[in-house]
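A short write-up of the structure that comes next.
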Amino acid sequence: MRANYKMQRLFLPDDLSAGVSVEIGRQHAHYLANVLRMREGAELLVFNGRDGEWRAEITALGKKFVSLSLHEMTRAQTPSPDLLYCFAPLKQGRIDYMVQKAVEMGVGVLQPVVTQHTQVPKLGIDRLRANVVEAAEQCGILSVPQVHEPAKLDRLLAAWEEGRRLIYCDEDAPGNNPLPIVSELAGQKLGLLVGPEGGFSDGERKMLRALSYVAPIPLGPRILRADTAAVAALAVIQAAAGDWCDNVDGA
Ligand code: SAH
């Protein structure tokens with residue numbers, strides 16, 4: 001069932017069940033009262049990634065807190081998506097955008113990957129996680145994708161999960177159309193890998209292409225920015241082998 005896009009959605013860490021009253025802190029209080037200008041009696045949807053989504057009513061509103069009373073469950077909890085999204089960190093603005101788009105496009109886990117040409121020294125994981133929560137609230141999903149600690153590319157590949165294919169966006173891959181390659185992978189556990197602004201090194205490219213579980217794909221005749229490549233690849237994956245694809249189980 002599609003999410004209700006009219007009502008405001010809020011991610012809360014608390015356990016959620018009928019009749020429960022939840023106190024939320026200053027940060028949310030400011031947002032609901034001053035940004036959304038909500039008042040007592042106003043309703044919103046809350047979710048915590050475990051107990052489904054609930055219709056909640058504001059029963060008290062102060063500067064430092066908001067009290068919510070939960071009424072009924074609007075959507076039952078669904079399992080987290082399985083799609084693993086591996087990406088080389090980008091500069092601040094772009095990475096915020098890319099992380100939000102990955103969540104909207106249905107990834108289940110975000111795995112930052114440090115490659116030879118990665119130009120970002122320090123990755124703000126907390127900021128990425130905040131972007132993920134914001135995107136989850138906006139796009140109507142019920143679980144919040146995890147953001148793992150960064151891993152070096154060779155370490156990631158050395159520990160790669162048995163049975164999972166890795167779709168690797170390779171700007172030197174032959175041809176332009178990724179669809180035939182991705183369609184072949186429908187029904188399999190999938191990962192996606194997008195490189196940094198500076199691209200993969202020749203050594204990395206060679207290492208990736210030598211792995212049997214890696215499926216290099218082209219993304220058309222133009223060089224895309226990494227954040228563009230991410231959205232383009234995710235659209236193809238979801239349409240040909242993921243939860244946009246009507247005939248894949250569990251879609
Ligand atoms: N090497 C490029 C920059 C890389 S773009 C240059 O020389 O400017 C960043 C990443 O996006 C790449 O590592 C690749 O994963 C992906 N990408 C960009 N364009 C692509 C294309 N046409 N086909 C496949 N992947 C692409």
Side-chain angles (χ1 to χ4, degrees), residues 1-85 96-110 125-148 231 234-235 237-239 242-251:
M1 186 172 100
R2 277 188 192 280
N4 170 329
Y5 290 109
K6 295 184 196 55
M7 288 175 77
Q8 178 66 31
R9 297 181 76 243
L10 203 58
F11 173 76
L12 298 175
D14 310 70
D15 291 337
L16 304 174
S17 58
V20 155
S21 178
V22 176
E23 299 286 314
I24 56 181
R26 173 196 297 267
Q27 181 208 4
H28 282 120
H30 168 72
Y31 178 62
L32 294 179
N34 305 328
V35 174
L36 298 180
R37 310 199 67 71
M38 291 176 104
R39 295 293 173 261
E40 284 179 24
E43 295 194 332
L44 67 157
L45 297 171
V46 295
F47 66 107
N48 62 6
R50 304 184 302 277
D51 303 327
E53 180 189 76
W54 290 77
R55 185 169 66 83
E57 180 186 347
I58 296 178
T59 51
L61 194 57
K63 272 213 177 345
K64 297 195 178 62
F65 73 96
V66 177
S67 295
L68 299 176
S69 171
L70 268 59
H71 293 313
E72 79 280 344
M73 181 189 274
T74 46
R75 282 190 293 158
Q77 186 60 38
T78 48
S80 291
D82 178 64
L83 183 54
L84 171 63
Y85 173 54
D96 293 343
Y97 169 89
M98 189 168 77
V99 159
Q100 292 213 358
K101 301 312 136 194
V103 173
E104 294 168 54
M105 298 298 282
V107 305
V109 174
L110 289 93
I125 289 280
D126 290 344
R127 180 188 173 106
L128 295 192
R129 288 180 174 144
N131 274 309
V132 165
V133 168
E134 194 181 318
E137 289 173 338
Q138 175 273 329
C139 72
I141 55 177
L142 293 178
S143 49
V144 175
Q146 305 156 41
V147 180
H148 287 177
V231 178
L234 285 167
I237 291 170
Q238 295 297 29
D243 66 11
W244 294 5
C245 181
D246 298 335
N247 59 4
V248 165
D249 298 344

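We're numbering straight along the sequence, starting at 1.
Between the CD1 atom in Ile141 and the CZ atom in Arg75 there is a gap of 9.5 Å [rounded to 0.5 Å]. In this structure, the separation between CG on Asp96 and CG on Leu128 is 7.0 Å, given to the nearest 0.5 Å. Here Glu23 contributes atom CD and Leu12 contributes atom CG; the two are 11.5 Å apart, rounded to the nearest 0.5 Å. Interatomic distance, Cys139 SG to Lys101 NZ, rounded to the nearest 0.5 Å: 9.5 Å. One finds the CG atom of Leu68 at 7.5 Å from the OG atom of Ser21 (value rounded to the nearest 0.5 Å). Here the CD atom belonging to Gln8 is positioned 10.5 Å from the CD atom belonging to Gln138, to the nearest 0.5 angstrom.
Judged purely by atom type and a 3.5 angstrom limit, Arg50 has no side-chain atom pairing as donor or acceptor with the backbone of Leu16. Between the side chain of Asp51 and the backbone N or O of Asp15, no donor-acceptor pair lies under 3.5 Å. Judged by distance alone, the side chain of Thr59 and the main-chain N or O of Ser67 form a donor-acceptor pair under 3.5 Å. Between the side chain of Gln77 and the main chain of Gly49, a donor-acceptor pair closer than 3.5 Å is present.
Residues Met38 and Tyr31 form no side-chain contact, since every pair of their non-hydrogen atoms from C-beta on lies 4.5 Å or further apart. The side-chain heavy atoms of Leu32 and Leu44, taken from C-beta on, include a pair separated by under 4.5 Å. At a threshold of 4.5 Å between non-hydrogen side-chain atoms, the residues Pro81 and Ser143 count as touching.
By the 6.0 Å contact criterion, CD on Gln27 is open, its count of non-hydrogen atoms from other residues, nucleotides or ligands being 12 or less.
For the residue pair Thr74 / Glu53, a side-chain donor-acceptor distance below 3.5 Å is found, with atom types taken as modelled.
Each of Glu134, Glu137, His28 was scored for a side-chain contact (heavy atoms from CB on, under 4.5 Å) with Phe11, with one residue passing: Glu137.
When all heavy atoms of Leu110 and Pro145 are compared, the closest pair comes out as CD1-CB, 3.7 Å. Met105 approaches Val231 most closely through the heavy-atom pair CE-O, 3.9 Å. Among all heavy-atom pairs drawn from Leu234 and Ala102, the shortest one is CD1-CA, 3.9 Å. Of all heavy-atom pairs between Ala29 and Lys63, the closest is CB-O, 3.8 Å.
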Apply side chain to side chain contact (heavy atoms under 4.5 Å, CB included) to residues Val99 and Val147 and explain how you reach the verdict. CA-CA 9 Å; Val99 159; Val147 180; 5.6 Å; no
Please walk me through it: do Val144 and Phe47 pass side chain to side chain contact (heavy atoms under 4.5 Å, CB included)? CA-CA 10 Å; Val144 175; Phe47 66 107; 4.0 Å; yes
Output, in order, the C-alpha distance, side-chain angles, deciding distance and verdict of side chain to side chain contact (heavy atoms under 4.5 Å, CB included) for Val46 and Ile24. CA-CA 11 Å; Val46 295; Ile24 56 181; over 6 Å; no
What's the verdict on side chain to side chain contact (heavy atoms under 4.5 Å, CB included) for Leu45 and Leu10, showing C-alpha distance, side-chain angles and the deciding distance? CA-CA 6 Å; Leu45 297 171; Leu10 203 58; over 6 Å; no
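Within the structure, every pair that satisfies the salt bridge (Lys or Arg N to Asp or Glu O under 4.0 Å) test and touches residues 26-46, not counting sequence neighbours, is listed here: Glu43-Arg55.
Judged as a side-chain hydrogen bond (donor to acceptor under 3.5 Å, both in side chains), and not counting sequence neighbours, the contacts of Gln100 are Asn131.
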